[in-house]
Asks: 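Mind looking over this structure? Questions follow.
A note on names: the letters A, B, ... follow the listed sequences, proteins ahead of strands, and every chain is numbered from 1. Not measured: the values here are computed from a predicted model.
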2 protein chains.
Amino acid sequence: MEYIDKLRNSGLRPTKQRLQICEVLFNTEKTFHFTINELKKRIKEKTHNKISLATVYNTVHAFEKKGYLKQIPINSNQTYFDTNITDHHHFYDLNDQKLIDLENSDVGPINIKKKIDGKRIKSVEVLVKLED
Amino acid sequence: MEYIDKLRNSGLRPTKQRLQICEVLFNTEKTFHFTINELKKRIKEKTHNKISLATVYNTVHAFEKKGYLKQIPINSNQTYFDTNITDHHHFYDLNDQKLIDLENSDVGPINIKKKIDGKRIKSVEVLVKLED
DNA sequence: CACTTATTTAGAACCATTATAAACTACAGT
DNA sequence: ACTGTAGTTTATAATGGTTCTAAATAAGTG
């Protein structure tokens with residue numbers, strides 16, 4: 001029920017597919033990172049229900065636009081998303097190709113001194129690359 | 001001549017194509033950002049010589065592996081590279097889809113408190129997203 | 001219930017990137 | 001200079017993530 005309101009309040013119709021995707025994405029103890037293909041697999045495992053690839057793409061993009069998901073800026077052949085939408089940063093393990101969350105307390109305050117007229121800062125993201 | 005040595009010292013044969021790409025990439029007053037396609041176009045303009053797409057890819061990857069180029073971690077349909085290999089950060093203008101360099105002095109020191117056993121920090125990159 | 005509009009879907013299209021395999025080139029050894 | 005070998009270039013095909021399309025379906029409204 002809670003997701004129905006969440007979707008309605010965003011101007012998104014609460015369809016069966018979107019509700020199922022909400023369950024997989026947001027009804028979890030911890031936040032997590034995922035690619036579209038990983039999400040599609042999780043949906044099939046958790047709901048025993050196949051949602052078409054196009055719908056998964058549509059929904060993830062809709063959720064991102066509404067601010068329920070964040071894209072993680074990283075160069076990879078696949079796009080990574082994060083269900084943790086709070087301001088936080090990432091380790092990226094180059095050897096294992098794995099993303100690890102950094103708590104906010106793990107990174108000291110970041111001071112951006114430069115300003116650009118007419119533009120405001122939307123986000124500040126730090127990517128720390130690790131290697132063995 | 002200088003590029004011949006640079007390449008030889010890296011274990012890369014100084015071929016005609018690689019030397020031409022060196023000219024375009026490194027014989028400039030300022031560093032710059034580019035995609036593979038932009039680079040290919042620059043090569044054709046500057047050298048009046050066509051280098052095959054595969055070679056541009058090969059060379060850029062070889063140079064990146066040797067540390068002469070950096071990939072910029074940003075989500076875009078194309079991969080961005082940077083001829084500025086010093087530690088520095090970026091603005092990304094979401095409206096204009098343009099990358100802007102941040103000088104090191106534009107960003108205060110970044111303190112990563114978390115450590116992961118057996119891994120060392122290779123780089124710390126900050127991406128500041130801007131909007132109107 | 002009827003109507004409009006949003007959503008889902010399978011499949012096609014797109015396009016950056018990578019793989020392939022044949023021709024070519026740098027270079028070390030003779 | 002010749003030869004052989006390993007590295008490089010090249011056109012083209014293949015790959016694969018993402019987006020587009022158009023028809024079928026479902027949600028919301030009166």
Asks: Let me see the working for B:F63 and B:L7 under side-chain contact (heavy atoms from CB on, under 4.5 Å), right down to the final yes or no.
Replies: CA-CA 9 Å; B:F63 285 5; B:L7 290 170; 3.6 Å; yes
Asks: Mind listing the side-chain donor-acceptor pairs of residues 100-108 of chain A below 3.5 Å, one per line with the distance, residues two or more places apart or on another chain?
Replies:
from: A:D101; atom 1: OD1; to: A:H33; atom 2: NE2; distance (Å): 2.8
from: A:D101; atom 1: OD1; to: A:H88; atom 2: NE2; distance (Å): 3.3
from: A:D101; atom 1: OD1; to: A:H90; atom 2: NE2; distance (Å): 3.1
from: A:N104; atom 1: ND2; to: A:D87; atom 2: O; distance (Å): 2.8
from: A:D106; atom 1: OD2; to: A:E103; atom 2: N; distance (Å): 2.7

Asks: Could you tell me the separation between the CD1 atom of B:I43 and the P atom of D:dT9, rounded to a whole number of Å?
Replies: 11 Å
Asks: My understanding is that only residues two or more places apart in sequence, or in another chain, count here; which of them pass side chain to side chain donor-acceptor pair (under 3.5 Å) with A:N37?
Replies: A:Q78
Asks: Measuring from the side chain of B:I51 (C-beta onward, heavy atoms only), which nucleotide among D:dT10, D:dG17, D:dC20 has the closest atom?
Replies: D:dT10
Asks: Looking at B:N75 and A:P73, what are the two nearest heavy atoms and their distance?
Replies: OD1-CA, 3.0 Å
Asks: Can you list everything that forms a side chain to side chain contact (heavy atoms under 4.5 Å, CB included) with A:T83? Sequence neighbours excluded, please.
Replies: A:L25, A:T31, A:F32, A:F34, A:L69
Asks: Does anything in residues 14-30 of chain A form a side chain to side chain donor-acceptor pair (under 3.5 Å)? List the pairs, not counting sequence neighbours.
Replies: A:E23-A:N27
Asks: Could you check how far CG of A:N75 sits from P of D:dG17, rounded to whole Å?
Replies: 16 Å
Asks: Contact list please: residues 10-24 of chain A against DNA chain D, heavy atoms, distance less than 4.0 Å, in numerical order.
Replies: A:R13, A:P14
Asks: For the pair made of CG in A:L7 and P in D:dG28, what is the distance, rounded to whole Å?
Replies: 10 Å
Asks: How would you list all residue pairs meeting side chain to side chain donor-acceptor pair (under 3.5 Å) that involve residues 109-119 of chain B, not counting sequence neighbours?
Replies: A:D93-B:K119, A:D132-B:K119
Asks: Quick one: side chain to side chain contact (heavy atoms under 4.5 Å, CB included) partners of A:K6, sequence neighbours excluded?
Replies: A:Y3, A:F26, A:Y68
Asks: Taking it one step at a time, do B:E64 and B:Q71 satisfy side-chain contact (heavy atoms from CB on, under 4.5 Å)?
Replies: CA-CA 7 Å; B:E64 193 210 351; B:Q71 230 182 307; 3.2 Å; yes
Asks: Which comes earlier along DNA chain D counting from the 5' end, the contact point of A:A54 or that of A:N37, where each point is its nearest nucleotide?
Replies: A:N37
Asks: Return the value, rounded to whole Å, for the distance between atom CG of A:L53 and atom P of D:dG17.
Replies: 10 Å
Asks: Tell me the interatomic distance from B:N49, atom CG, to D:dT10, atom C1', rounded to whole angstroms.
Replies: 13 Å
Asks: Any residue in residues 55-64 of chain B with a heavy atom nearer than 4.0 angstrom to DNA chain D? Just list them by number, or reply none.
Replies: B:T55, B:N58
Asks: Roughly, in whole Å, what's the span from NZ in B:K65 to P in D:dG7?
Replies: 13 Å
Asks: Of all the heavy-atom pairs spanning A:I4 and A:P14, show the shortest one and how long it is.
Replies: CG2-CG, 3.9 Å
Asks: Through what angle, rounded to 10 degrees, does the axis of the helix from C:dC1-D:dG30 to C:dT30-D:dA1 turn between its ends, using five pairs per end?
Replies: 30°
Asks: Listed by chain and number, what are the side chain to side chain donor-acceptor pair (under 3.5 Å) partners of A:E131, not counting sequence neighbours?
Replies: B:R120
Asks: Using the heavy-atom set of chain B and a strict 4.0 Å cut-off, write down the first and last nucleotide of DNA chain C that makes it in, 5' to 3'.
Replies: C:dA16 to C:dC27
Asks: If you pin B:Y80 and B:R8 to their nearest nucleotides in DNA chain C, which one's is more 5'?
Replies: B:Y80
Asks: What does B:T35 touch in the nucleic acid at a heavy-atom separation under 4.0 angstrom: a base, only the sugar-phosphate, or nothing?
Replies: nothing
Asks: Can you measure from OG1 (B:T79) to CD1 (B:I72) and round to the nearest 0.5 angstrom?
Replies: 10.5 Å
Asks: Hydrophobic clusters here meaning ILVMFWY residues chained together by side-chain heavy-atom distances under 4.5 Å, can you tell me if B:V126 and A:I116 are in one?
Replies: yes
Asks: Per the side chain to side chain donor-acceptor pair (under 3.5 Å) rule, what does the pair list look like for residues 40-56 of chain A, sequence neighbours excluded?
Replies: A:S52-A:T55
